[in-house]
Amino acid sequence: MMNRVLIIGCGSMGSAVLSGCLKAGVWKKEQITIKDRDPQNAKNKAESYGVSWTDTIDQGLQNFDFILLSVKPNIVPSVLECIGRSNFHGLLVSLAAAVTLQQLEENISSDIGVIRVMPNTPVSVGAGMTAVALGSHATEQMGQDAERVFSSLGKTAVVTERQLDELGALSGAGPGYAFVIIDALADGGVRIGLPRALAIEAAAQTLYGAAKMVLDTGRHPAELRDQVTSPGGTTIAGIHAMEQRGIRAALMDGIAACMERSDEMGRKK
Ligand SMILES: NC(=O)c1ccc[n+]([C@@H]2O[C@H](COP(=O)([O-])OP(=O)(O)OC[C@H]3O[C@@H](n4cnc5c(N)ncnc54)[C@H](OP(=O)(O)O)[C@@H]3O)[C@@H](O)[C@H]2O)c1
């Protein structure tokens, strides 16, 4: 049961999780304290969300049950040092990409449950995809607490740590790929004569609608594609031209390149 929550690092991800959880009622304002690098920023953000703020994590951490660590990976070691020195005994949920459970756990006491999560930016609009991996001292209840937070911001999947990194290359980086695809589809629309704004709206809504059909029906995307490709028709002509340009291989190679880069960055640490 989460009583007092401390968010360390209230930038894009920390704020997205905070606003989503308040909106969904998973957290109440009076449970939350935020800590940011700049105290003035923390104060302003706290006032805008109606939550508390603190300018130090050197003391008082034992008063919290749940810490959301949402600073950039290079800041994690100094924050872990403070947590390690404190009497905090609750659940530590880290969003930091490429900081492993082992790295998190070896710097703090073994009675702190550690969970790694890999969200993506659509958590800010309630349509996120978050991978959750449990550390060796995290209890089932802690896993459920973390899942409940991120389920209020979209979908979650509890996975192994390797799968969490793999999902980083698919869903974590995925909004980046999707924005490129939407932009390219809109360019196609403009090329054949559509105004830019209409082309962007139509491209985005079409991807959104197609994604919703896959999720709502549970049917394989190839089956849904077969339903819209009549023999000798226009859609199969469009798909054929895209396949000739290697659309599938390009996307598959993109995911592999992202994974390779992530592994390379992990090795450098
Ligand atoms: N954005 C994504 O799509 C995404 C996806 C998955 C995971 N993540 C992970 O989420 C984490 C946060 O990313 P982000 O995009 O939200 O970064 P961000 O917008 O830069 O937020 C980080 C926040 O932490 C603050 N901060 C810096 N040092 C601090 C300290 N010592 N104590 C407390 N706060 C401190 C920063 O303040 P200043 O700006 O003043 O320095 C900033 O407000 C990263 O570890 C990233 O790997 C992000």
Side-chain angles (χ1 to χ4, degrees), residues 2 5-29 31-36 41-42 45-46 48-51 66-73 75-76 79 91-99 101 104 114-135 138 142-161 163-182 204-205 207-212 214-216 255 258-259 262:
M2 280 175 274
V5 177
L6 174 65
I7 300 176
I8 304 180
C10 206
S12 10
M13 265 297 161
S15 303
V17 175
L18 172 59
S19 71
C21 285
L22 290 177
K23 239 183 272 168
V26 173
W27 289 338
K28 294 194 175 31
K29 291 176 181 176
Q31 283 178 275
I32 316 293
T33 301
I34 63 175
K35 158 82 174 85
D36 220 12
N41 267 349
K45 282 176 197 165
S48 73
Y49 289 110
V51 300
F66 184 110
I67 294 181
L68 184 77
L69 186 52
S70 46
V71 293
K72 292 281 187 198
I75 310 290
V76 170
V79 174
L91 169 60
L92 173 69
V93 174
S94 167
L95 274 76
V99 181
L101 285 167
L104 294 163
V114 178
I115 291 184
R116 255 189 88 189
V117 295
M118 174 61 69
N120 61 8
T121 52
V123 293
S124 63
V125 292
M129 176 72 215
T130 303
V132 179
L134 271 59
M142 288 171 165
Q144 286 166 8
D145 285 345
E147 245 195 299
R148 201 160 67 90
V149 167
F150 290 91
S151 295
S152 72
L153 310 169
K155 290 191 178 291
T156 57
V158 178
V159 294
T160 62
E161 187 169 33
Q163 287 172 330
L164 179 141
D165 289 328
E166 290 164 352
L167 281 167
L170 176 57
S171 49
Y177 316 143
F179 297 137
V180 170
I181 293 169
I182 291 169
Q205 177 66 14
L207 280 199
Y208 175 68
K212 190 161 164 51
V214 172
L215 293 171
D216 288 359
I255 309 275
C258 182
M259 190 70 241
S262 159

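Side chains included, hydrogens not; waters and symmetry mates left out as well; all remaining heavy atoms used. Positions are given from 1 along the sequence. Source: prediction; values computed, not measured.
Separation of atoms CD1 (Ile8) and CG (Asp36) is listed at 10.5 Å; rounding is to 0.5 Å. Put simply, CD1 on Ile255 and CG on Leu170 are 4.5 Å apart, with the number rounded to the nearest 0.5 Å. Remark: Lys35 NZ to Leu68 CG distance equals 14.5 Å, nearest 0.5 Å. The line from CD1 of Ile32 to CD1 of Ile7 is 5.5 Å long, rounded to the nearest 0.5 Å. Atom NZ of Lys28 and atom SG of Cys21 lie 12.0 Å apart (nearest 0.5 Å). In this structure, the separation between CZ on Arg148 and OG1 on Thr156 is 12.5 Å, given to the nearest 0.5 Å.
Smallest separation of non-hydrogen atoms from Val99 and Pro73: CG2-CB, 3.9 Å. A pairwise comparison of heavy atoms in Val76 and Ala96 identifies CG2-CB, 3.6 Å as the closest pair. Across Ile115 and Ala146, no two heavy atoms sit closer than the pair CD1-CB, 3.9 Å. Taking all atoms of both residues into account, the shortest heavy-atom contact from Val26 to Ser152 is CG2-CB, 3.4 Å. For the pair Cys258 and Ala173, the tightest heavy-atom approach, listed with the atom from each and the gap, is SG-CB, 3.9 Å. Shown here for Pro119 and Phe150, the closest heavy-atom pair between the two residues is CB-CE2, 4.4 Å.
Using modelled atom types, no side-chain atom of Ser171 and backbone atom of Gly174 make a donor-acceptor pair closer than 3.5 Å.
Between Leu95 and Leu69 there is no side-chain heavy-atom pair separated by less than 4.5 Å. Side-chain contact between Glu166 and Val159: absent, with no pair of heavy atoms (C-beta onward) separated by less than 4.5 Å. Contact annotation: the side chain of Val5 never approaches that of Thr33 to less than 4.5 Å [non-hydrogen atoms, C-beta and beyond]. Two residues are said to be in side-chain contact when any heavy atoms from C-beta on lie closer than 4.5 Å; Met142 and Leu134 fail this criterion. Counting heavy atoms from C-beta on, the side chains of Ser70 and Cys10 never come closer than 4.5 Å. Residues Thr130 and Met118 form no side-chain contact, since every pair of their non-hydrogen atoms from C-beta on lies 4.5 Å or further apart. Residues Ile75 and Val79 have side chains in contact (heavy-atom distance under 4.5 Å, counting atoms from C-beta outward).
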#### Entry: Steps toward side chain to side chain contact (heavy atoms under 4.5 Å, CB included) verdict (Met13, Val123)
CA-CA 8 Å; Met13 265 297 161; Val123 293; 4.0 Å; yes
### Task
Go through the steps for Phe66 and Leu92 under the test side chain to side chain contact (heavy atoms under 4.5 Å, CB included), then give the verdict.
CA-CA 6 Å; Phe66 184 110; Leu92 173 69; over 6 Å; no
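The side-chain hydrogen bond (donor to acceptor under 3.5 Å, both in side chains) pairs that include a residue from residues 9-22 number zero, where partners must be two or more places apart or lie in different chains. Residue pairs meeting the side-chain hydrogen bond (donor to acceptor under 3.5 Å, both in side chains) criterion with at least one member in residues 116-128, sequence neighbours excluded: Arg116-Glu161, Arg116-Asp165.
Each of Val51, Leu18, Ile34 was compared with Lys45 under the side chain to side chain contact (heavy atoms under 4.5 Å, CB included) criterion, and only Ile34 meets it.
Under the side-chain hydrogen bond (donor to acceptor under 3.5 Å, both in side chains) criterion, Gln205 pairs with no residue at all, not counting sequence neighbours.
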